[in-house]
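What follows is a set of notes on a single structure, which appears directly below.
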Protein chains: 2
Amino acid sequence: MTTEIWISQLQDNGYRITSARRAVVDTVYGSTHALTPIEVYDKARKKYRALGLVTVYRTLEKLEELHLIQRVHQPIGCQAFISAGVGHQHLLLCQNCGQVEFFDGDDLDALTKNISRKTGYQIKEHWLQLFGLCINCK
Amino acid sequence: MTTEIWISQLQDNGYRITSARRAVVDTVYGSTHALTPIEVYDKARKKYRALGLVTVYRTLEKLEELHLIQRVHQPIGCQAFISAGVGHQHLLLCQNCGQVEFFDGDDLDALTKNISRKTGYQIKEHWLQLFGLCINCK
DNA sequence: TACTTATTGAAAACGATTTTCAATAACATG
DNA sequence: CATGTTATTGAAAATCGTTTTCAATAAGTA
Ligand SMILES: [Mn+2]
Ligand SMILES: [Mn+2]
Ligand SMILES: [Zn+2]
Ligand SMILES: [Zn+2]
């Protein structure tokens with residue numbers, strides 16, 4: 001998997017491929033840490049000097065819309081993004097260095113059935129995030 | 001349980017009891033929906049006309065600091081508040097009307113041990129939220 | 001009742017995000 | 001490859017939510 005996949009996704013959806021967009025894609029794709037718009041801007045500008053912050057916002061918007069990236073919610077803030085996982089996945093975040101990992105294999109069926117019965121809610125989806133310390137930080 | 005509990009908590013922590021604070025407390029306490037600062041402002045001003053939005057922010061800040069309210073994270077935004085649950089609890093949100101309920105009794109020990117082993121992370125805490133439709137909305 | 005000082009709301013400041021706009025560059029067409 | 005159409009660009013301005021500043025006020029204390 002390479003950044004070209006994101007590039008063709010953009011292309012296939014009628015978006016033009018520009019140097020600005022390439023710089024943003026190259027920066028966000030494959031990052032192990034969630035990045036805020038400003039962080040993306042600072043990193044991407046090393047690859048493409050003329051880049052504007054506005055274009056970072058606009059590109060992140062499109063990548064999110066195409067489900068190529070996803071927003072990361074944290075106690076400190078909820079405006080950082082990371083490459084989206086494939087299929088149904090959850091996040092594991094390092095509280096110290098901000099590293100992000102995906103995991104799957106949670107089985108919440110019993111739980112949701114139980115809660116559904118107790119509350120009368122029809123449960124549609126769930127968010128599960130784990131926080132801790134990565135190998136380097138613990 | 002009544003709003004007086006929050007009032008005495010504020011008092012016990014050295015904060016003065018004012019009409020503005022009473023209006024905010026009365027509004028947030030016991031609300032079944034998460035409220036944003038503006039929503040709190042609009043509702044609370046019906047009880048106390050002179051209330052300023054700044055005071056709403058300042059009071060919410062204190063209530064959060066005393067763990068009497070907690071922030072609710074949602075796909076649409078993360079600046080709404082609700083009365084905090086007692087002990088370790090999780091949220092169940094109605095995607096239609098915004099109603100909020102608490103639940104407990106999730107058992108994620110097996111899951112976290114498993115993830116911990118696979119990833120090498122030391123897991124410290126978790127966020128779990130369920131989304132669905134409440135009895136009225138489904 | 002008088003005093004101290006935390007609290008107030010209005011206004012200004014702020015930071016993040018969005019909108020506006022004219023110049024530019026991507027890409028379809030010939 | 002040259003040309004035309006128009007999506008995309010970055011700068012500047014506007015906007016939105018939140019925070020800070022400040023002088024007036026009112027809560028709590030003695
Ligand atoms: Mn899951
Ligand atoms: Mn739990
Ligand atoms: Zn780490
Ligand atoms: Zn509902």
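The structure displayed is predicted, hence computed values, not measured ones. When reading the values below, keep in mind they use all heavy atoms of this one structure, side chains included, and skip hydrogens, waters and symmetry mates. Chain identifiers are assigned alphabetically (A, B, ...) following the order of the sequence lines, protein sequences preceding nucleic acid strands; residue numbering begins at 1 within each chain.
Shown for residues 16-23 of chain B: residues whose heavy atoms fall under 4.0 angstrom of DNA chain D, namely B:R16, B:I17, B:T18.
As rounded to whole Å, 12 Å separates atom P of D:dT18 from atom CD of B:E61. As rounded to whole Å, 12 Å separates atom P of D:dG17 from atom CG of B:D42. Distance A:Q79 CD to D:dT18 P: 12 Å, rounded to the nearest Å. Atom CG of A:L63 and atom P of D:dT8 are 13 Å apart (whole Å). In this structure, CD of B:E39 is placed 14 Å from C1' of D:dG17, rounded to the nearest angstrom. A:K62 places its NZ atom 11 Å from the C1' atom of D:dT9, with the value rounded to the nearest Å. Computed from coordinates, the A:Y41 OH to C:dT18 P distance equals 16 Å when rounded to whole Å. One interatomic measurement links the two molecules: CD1 of B:I76 to C1' of D:dC16, which rounds to 17 Å at whole-angstrom precision.
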Are B:Q129 and B:H73 close enough, and set up right, to give a side-chain contact (heavy atoms from CB on, under 4.5 Å), and what steps lead you there?
CA-CA 9 Å; B:Q129 269 185 42; B:H73 297 258; 4.2 Å; yes
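For A:V54, counting side-chain heavy atoms from C-beta on, the closest listed nucleotide (D:dA12, C:dT8, D:dG17) is D:dA12. Considering only the side chain of A:R58, D:dA11 comes nearest among D:dA11, C:dT7, C:dT8.
Annotation: cation-pi pair B:K118/A:F103 absent, no NZ/CZ under 6.0 Å from the ring centroid and within 45° of its normal.
Counting non-hydrogen atoms of other residues, nucleotides and ligands closer than 6.0 Å to NZ of B:K138 gives a total above 12. Counting non-hydrogen atoms of neighbouring residues, nucleotides and ligands closer than 6.0 angstrom, the NZ atom of B:K113 reaches no more than 12 such neighbours. Within 6.0 Å of NZ on B:K43 lie no more than 12 heavy atoms contributed by other residues, nucleotides or ligands.
Closest of all the heavy-atom pairs between B:Q99 and B:H33 is N-CD2, 3.4 Å.
Within the 4.0 angstrom heavy-atom criterion, only backbone atoms of the sugar-phosphate kind lie near A:L51; the bases stay farther away. Residue contacts for A:Y48: at a heavy-atom cut-off of 4.0 Å it reaches the sugar-phosphate backbone alone, with no base atom in range.
Separating the CG atom in B:L60 from the CD atom in B:E65 is a distance of 12.0 Å, to the nearest 0.5 Å.
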